[in-house]
Asks: 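Before we start, here is the structure in question, set down as structure tokens.
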Amino acid sequence: MYYVLIYHNHSSYLEERRKYRAEHLRLLQALVDSGELSLAGAVDDPADLSLYIFKGPKAKAAAEEFVASDPYVANGLVEKWAVRKWNAVVGVDL
């Protein structure tokens, strides 16, 4: 089971993220280490969205818990976010 966390980044995201990046990446790495997060990153040109691919039976809860602790969200770098079930049909890790 996969869920996608979609962040709609604030226009100041690239300038402001440096302050919170170390903690944001630490939280993400913990999710990678636990096997709950497959991929994460911002789209480019413009960096208005970030996408996070969560997997496993607790994927939705893991995504929501990440949002609740993410300093990017707490400090206004994310204007809105959504967690959506992703019905992946082709790929290596299915």
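Residue indices begin at 1 and follow the sequence shown.
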Asks: Could you list the residues that satisfy ring-ring contact (aromatic ring centres under 6.0 Å, His included) with His24, not counting sequence neighbours?
Replies: Phe66, Tyr72
Asks: Tell me the closest heavy-atom pair linking Glu79 and Ser11, and the distance in Å.
Replies: OE2-N, 4.3 Å
Asks: Between atom CG of Asp48 and atom NE2 of His10, what is the distance when rounded to the nearest 0.5 Å?
Replies: 13.0 Å
Asks: Considering only heavy atoms from C-beta outward, does the side chain of Val67 approach that of Leu5 to under 4.5 Å?
Replies: yes
Asks: For Tyr2, which residues count as a ring-ring contact (aromatic ring centres under 6.0 Å, His included) partner, sequence neighbours excluded?
Replies: Trp86
Asks: In terms of hydrophobic clustering (I, L, V, M, F, W, Y; side-chain heavy atoms under 4.5 Å; direct or indirect links), are Leu25 and Leu14 co-clustered?
Replies: yes
Asks: Output the distance between atom CG (Asp70) and atom CD (Glu65), rounded to the nearest 0.5 Å.
Replies: 13.5 Å
Asks: Are side-chain heavy atoms of Trp81 and Ile6 found at a separation under 4.5 Å?
Replies: no
Asks: If hydrophobic clusters are built from ILVMFWY residues whose side chains come within less than 4.5 Å, do Val4 and Val32 share one?
Replies: no
Asks: Show the nearest heavy-atom pair for residues Asn9 and Ala47, with the distance to one decimal.
Replies: ND2-O, 3.2 Å
Asks: Taking all non-hydrogen atoms of both residues, which atom of Glu15 and which atom of Arg18 are closest, and how far apart?
Replies: O-NH1, 3.4 Å
Asks: Heavy atoms, side chains only, cut-off 4.5 Å: are Glu23 and Leu27 in contact?
Replies: yes
Asks: Considering all heavy atoms of both residues, which atom of Lys55 and which atom of Ser38 are nearest to each other, and what is their separation?
Replies: CD-OG, 3.1 Å
Asks: How about His8 and Val78: do any of their side-chain heavy atoms sit closer than 4.5 Å?
Replies: no
Asks: How close do Leu31 and Ala62 get, counting heavy atoms only, and between which atoms?
Replies: CD2-CB, 4.4 Å
Asks: Could you grab the distance from atom CD1 of Ile53 to atom CG of Leu37, nearest 0.5 Å is fine?
Replies: 8.5 Å
Asks: Among Ile, Leu, Val, Met, Phe, Trp and Tyr joined by side-chain contacts under 4.5 Å, find the other residues sharing a cluster with Val90 and list them by chain and number.
Replies: Val89
Asks: Just verifying a value: how many Å separate Lys58 NZ and Met1 CE, rounded to the nearest 0.5 Å?
Replies: 13.5 Å
Asks: Mind checking the CG-CG spacing from Leu51 to Leu39? Nearest 0.5 Å is all I need.
Replies: 10.0 Å
Asks: Please round to the nearest 0.5 Å and tell me the distance separating atom CG of Leu77 and atom NZ of Lys19.
Replies: 8.0 Å
Asks: Could you check Tyr3 against Tyr52 for ring pair (Phe, Tyr, Trp, His ring centres under 6.0 Å), going step by step and ending with a plain yes or no?
Replies: CA-CA 8 Å; Tyr3 279 82; Tyr52 305 81; over 10 Å; no
